[in-house]
Number of protein chains: 2
Amino acid sequence: MPATIRDVARASGVHISTVSRTFSAPHLVNPETRVRVLACAEDLGYRPNRAARALITGRTHNIGLIVADIANPFFPPLIKAAEGQARHRDYHVFVADTNEDVAAEEDLVHALAKQVDGVLLCSPRMSNSLIEQVSREVPVVVINRQVAGLPCVMMDVGQGARSAIEHLLGLGHRRIALLGGPRGSWTAREMRRAASAAARAGGAELSLLGPNQPTETGGGALADQVRRSGVTAVLAYNDLMAIGLIEGLDALGLRVPQDVSVVGVDDIALSRLTRPKLTTVATPTAAAGRTAVDMLLQLDSDAPRGARGRGAAAGDRRTTAQVMLQTVLVVRDSTGPVPVPGRDCTGA
Amino acid sequence: MPATIRDVARASGVHISTVSRTFSAPHLVNPETRVRVLACAEDLGYRPNRAARALITGRTHNIGLIVADIANPFFPPLIKAAEGQARHRDYHVFVADTNEDVAAEEDLVHALAKQVDGVLLCSPRMSNSLIEQVSREVPVVVINRQVAGLPCVMMDVGQGARSAIEHLLGLGHRRIALLGGPRGSWTAREMRRAASAAARAGGAELSLLGPNQPTETGGGALADQVRRSGVTAVLAYNDLMAIGLIEGLDALGLRVPQDVSVVGVDDIALSRLTRPKLTTVATPTAAAGRTAVDMLLQLDSDAPRGARGRGAAAGDRRTTAQVMLQTVLVVRDSTGPVPVPGRDCTGA
DNA sequence: CGCGGTTATGCAAAGGTTTGCAGCCGAAGA
DNA sequence: TCTTCGGCTGCAAACCTTTGCATAACCGCG
C-alpha cells in the first residue's frame, strides 16, 4: 500500500535516483523537476522508507536514551528536552529505563546499541570500564558522569554542593549530614567530595550517610539516623530524598527548618509544592538533554559514514568535548538558622 | 565492522539462508547445524541487522507510545510497563510527549506512524475522527478512551468517580465540586457523567469546575473558586490537581479534611507522601500499559504480513477488543466527615 | 565550429536479510 | 528395486533506497 520511490518516479516521469535526490540532495536537481516530483510525492503520500535508507546509509536516525528511572521526576524534563532536540534534527529517541539496576543497564545498552546511531547514558550506574567497553560498540555520550576519552555533559553538582554547604554555614550550622546517593553514581561522589571540602573549610563536621536509594522512601528511612546523629542540617543527594526525609522527620516530631534544615538537589517541580518549600540546588536538566543530543549527533556526523571498515571506532574521537553546566542554589523555606542549643525545640 | 549473516555463514560452512533460519525458524534446521551456527554467531558477535530485516518483513519491531506529558507522574508507570512488555516480545518503544497539545499530538503520531508497527495512544486529546483517520495509516490501540471500531483499554474511572462520590456522601457531604480535566479528555467526560449521576442519586449537588490543566498549578488555581462555591468536598480530575488544590486551600487557611474533603484520581506515588495523605481512586496504569502492548502486537500479528496489497487496512479489524480495567477507591486522610455547619472551623 | 566546463539526469551496484522453490539424501513403503 | 516422502539445505529474487560514475545537454569562449 505505501507508495515507494518507484511509484513517485513513474508518476513524475523521472528516474528513481532523481526522486531520491529530490529529498536527500535537493540542490542537485532542477528546481522545475523538483517541484513536480515533490507534488507527485505529496500526492501519493510518499514517505521515504527509513529501513531501506538505514540499510544503505548505515544511519538509523534513532538514538537511545538510557535513564535510571523514568518515574524519578528528575528525568522527565531531560527526556523531553532531548526528545525535542532530536526531533528537531529529524531523529527519534528510544527511552529505556533500567530501574536503577546495573545488570539491566548493561543488557539494555547492548540491546539498543545495534539499532540506534548512538546512545545517551544518563546518570549511569555502570563502572567506567563497562562504559568504555560499550563505547567501542556504539557512539556514546555520557550525562552526569565524567569518563576519560568520552564526551560528557555534566552538571556541576560539586559547585552546587559547595554553595549549599556554604549557605548552611552562613546560617550557623556546624554539624551537617550528607545523605549519599546510590552506589556507582558519579554525582554522589562529586557531591561528597565537594561537600566534605566545603565543610572542612568552614570548620564544620560532615557526617556521611549512605549509599541510599535515591527516592522518597530512601530519604524517609534515614530520618531516625539523622535525628540520632544530632546534626542541625542535611544536604540530600536529591530532592526526592530530601522530601522523604522531611516527611520522616515530621513523623518523628522534628520540624523543618526550625529543628533541622534540609537542602535538596535537582529542583524538581515538586520541590516548590511541598511544605516547607524546598531549598535546593537547581540542575539544568533540560539544557543537559539538549546538549547531549547535539554532541551525539555531532559525533556521528564526524564519523566517516561507511565506518564499517576497521579503525575509526575507538581512535579518532579527538573531539571528546566535556561540558560542565552550572548549577545554582535556590533558597526557599526548608533551611533556616541553626536552632539555639539548649532551648526547647519541640514546643510553643 | 559488525558481523553480517554472511560472515556467520562462511565461518560455519553453511549457506546464509540456513543462518537466517537458525534465528527466525530454528525448527527448520538440523539441531547439530544449529548449535554450530549459533556458536559461530556468538563468536563473531553477530546480531541480525534490524533494518535489513524490516525492509523485507515490513516489520520494524518498534512501537510508538504517545502520552500527554511524561512529567505527569501518572504516565511513567504505564510507560515502564509498556516498555517491559514490549521488550519481552522483542519490541522497542518510542515514547513521545505532546505537552498536552493537540496539534503536537497530531504531528507526532504522523511522524511516528511510518517507522513503527503500531502506535499506543495514551489519553489522547485529539478528536475521535482524527484518531480514526490516524488508525487508517497505522495500527492503533487507544488507552483511556473509547473509540468505536478501535481496540481500547480503559480504566473504569466512571466506577471510580462513583465510588468516590458515594464515599463522600457517606461522610455526609451534600455539596460537592468536580474539578474537571483538560478539554478533549475522555476520562474527564466519563468522570463528569458518573459523578453527576451518583451525586444526583444521593441527593447531592455537584458543581463542575473546568476544564483545567491537569497539573498542580491547575488545581491550585481553583482554590479560591472552591472556597467561594461553599462546597464541603471536592473530587479532582487527578492527584496532581488534588494536591495543588490542597496547597491552594491551605494558603487560604482552609484545612483538609477538616474544612474540605478532597479526593484525587490515579494514586500516583506522591499521593502517599503528601500531608494529609490523599484519598484517591487507584487506576491500574501498569496493567493498562501491558494490556495495550499485547493488544497491539496481537493486532498486527493478525494482519497479513505482506499487507501492502490493498484492502486489509481498515476492514478486517473484527478483533477490536475493548478492555475495561477496574479501579478502586483508596481511602486515606484527605477525606473526613462534613464539617458541622455553624461551628467555627478556623480556630482552635 | 570545437572545446572545456557546468548542470541535470540516468544507470546500476550495493546494503543484509527473508523466503518460495528446488534439490539432495536417506528411509520407509510397495 | 523403485517410489515417495520428509527433513534439511542451497539458490536467487525481492525489499527500497542511496550514490559513484557515466551520459547528455547546454553554455560561453576562442
Side-chain angles (χ1 to χ4, degrees), chain A residues 1-38 40-41 44-62 90 114-115 117 301 304-309, chain B residues 1-38 40-41 44-62 90 114-115 117 301 304-309:
Chain A
M1 191 63 194
T4 78
I5 201 174
R6 232 171 294 271
D7 300 323
V8 179
R10 203 173 311 124
S12 49
V14 298
H15 192 264
I16 56 164
S17 53
T18 303
V19 178
S20 172
R21 278 187 274 256
T22 303
F23 289 95
S24 48
H27 60 281
L28 287 182
V29 21
N30 187 314
E32 222 170 290
T33 316
R34 197 192 314 165
V35 301
R36 188 157 35 98
V37 171
L38 250 21
C40 291
L44 277 67
Y46 168 75
R47 315 268 260 150
N49 179 323
R50 287 175 98 116
R53 177 180 292 183
L55 185 55
I56 188 157
T57 61
R59 295 263 141 89
T60 62
H61 268 236
N62 295 332
D90 196 26
K114 294 298 173 184
Q115 70 173 317
D117 297 341
S301 75
R305 187 161 20 215
R308 327 200 148 275
Chain B
M1 191 64 192
T4 80
I5 200 174
R6 233 170 291 270
D7 300 325
V8 179
R10 203 173 310 126
S12 49
V14 298
H15 192 263
I16 57 164
S17 53
T18 303
V19 178
S20 172
R21 278 187 275 257
T22 303
F23 289 94
S24 48
H27 61 280
L28 288 182
V29 21
N30 187 314
E32 220 170 293
T33 317
R34 197 191 316 165
V35 301
R36 188 156 35 99
V37 171
L38 252 21
C40 291
L44 278 69
Y46 168 74
R47 316 268 257 148
N49 178 324
R50 288 175 97 117
R53 176 181 292 182
L55 186 55
I56 189 158
T57 61
R59 294 264 142 88
T60 62
H61 267 236
N62 295 332
D90 197 26
K114 294 297 172 184
Q115 71 173 316
D117 297 341
S301 76
R305 186 162 21 215
R308 325 198 149 278

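Values in this document were obtained by computation on a predicted structure and should not be read as measured data. Letters A, B, ... are given to chains in the order of the sequence lines, protein chains preceding strands, and every chain is numbered from 1.
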Which whole-number value in Å describes the distance from [X] [atom1] to [N] [atom2]?
| X | N | atom1 | atom2 | value |
| --- | --- | --- | --- | --- |
| A:R53 | D:dC15 | CZ | C1' | 16 Å |
| A:H61 | D:dT18 | NE2 | C1' | 13 Å |
| B:R47 | C:dT17 | CZ | P | 13 Å |
| A:D7 | D:dC15 | CG | P | 11 Å |
| B:R6 | C:dG16 | CZ | P | 7 Å |
| B:N49 | D:dT17 | CG | P | 16 Å |
| A:R59 | D:dC16 | CZ | P | 24 Å |
| B:L55 | C:dT18 | CG | P | 11 Å |

Reported [atom1]-to-[atom2] distance for the pair [X] and [Y], which is rounded to 0.5 angstrom:
| X | Y | atom1 | atom2 | answer |
| --- | --- | --- | --- | --- |
| B:L28 | B:T33 | CG | OG1 | 12.0 Å |
| B:H15 | B:R10 | NE2 | CZ | 12.0 Å |
| A:Q115 | B:N62 | CD | CG | 5.0 Å |
| B:T57 | B:D117 | OG1 | CG | 7.5 Å |
| B:N30 | B:R21 | CG | CZ | 12.5 Å |

### Message
Tell me whether A:R36 contacts the main-chain N or O of A:S12 through its side chain, where contact means a donor paired with an acceptor under 3.5 Å.
### Response
yes
### Any donor-acceptor N/O pair, A:S20 side chain to A:I16 backbone, under 3.5 Å
no
### Message
Nearest to the B:T57 side chain among C:dT18, D:dT17, C:dT17, which nucleotide is it?
### Response
C:dT18
### Proximity to the side chain of B:N30 - top-ranked nucleotide from D:dC8, C:dT18, C:dT9
D:dC8
### Task
Indicate yes or no: at least one non-hydrogen side-chain atom of B:V37 is less than 4.5 angstrom from one of B:V29.
no
### Summary
All heavy atoms of B:A41 vs all of B:F23, minimum pair found to be CB-CZ, 3.8 Å
### Query
Can you tell me if the side-chain N/O atoms of A:T4 get under 4.0 Å from OP1 or OP2 in D:dC15?
no
### Query
Among residues 17-29 of chain B, which contact DNA chain D at a heavy-atom distance under 4.0 Å?
B:S17, B:T18, B:R21, B:L28, B:V29
### Query
In residues 9-16 of chain B, which residues come under 4.0 Å of DNA chain D by heavy atom?
B:V14, B:H15
### Query
Of B:R34 and B:A52, whose nearest nucleotide on DNA chain D comes first from the 5' end?
B:R34
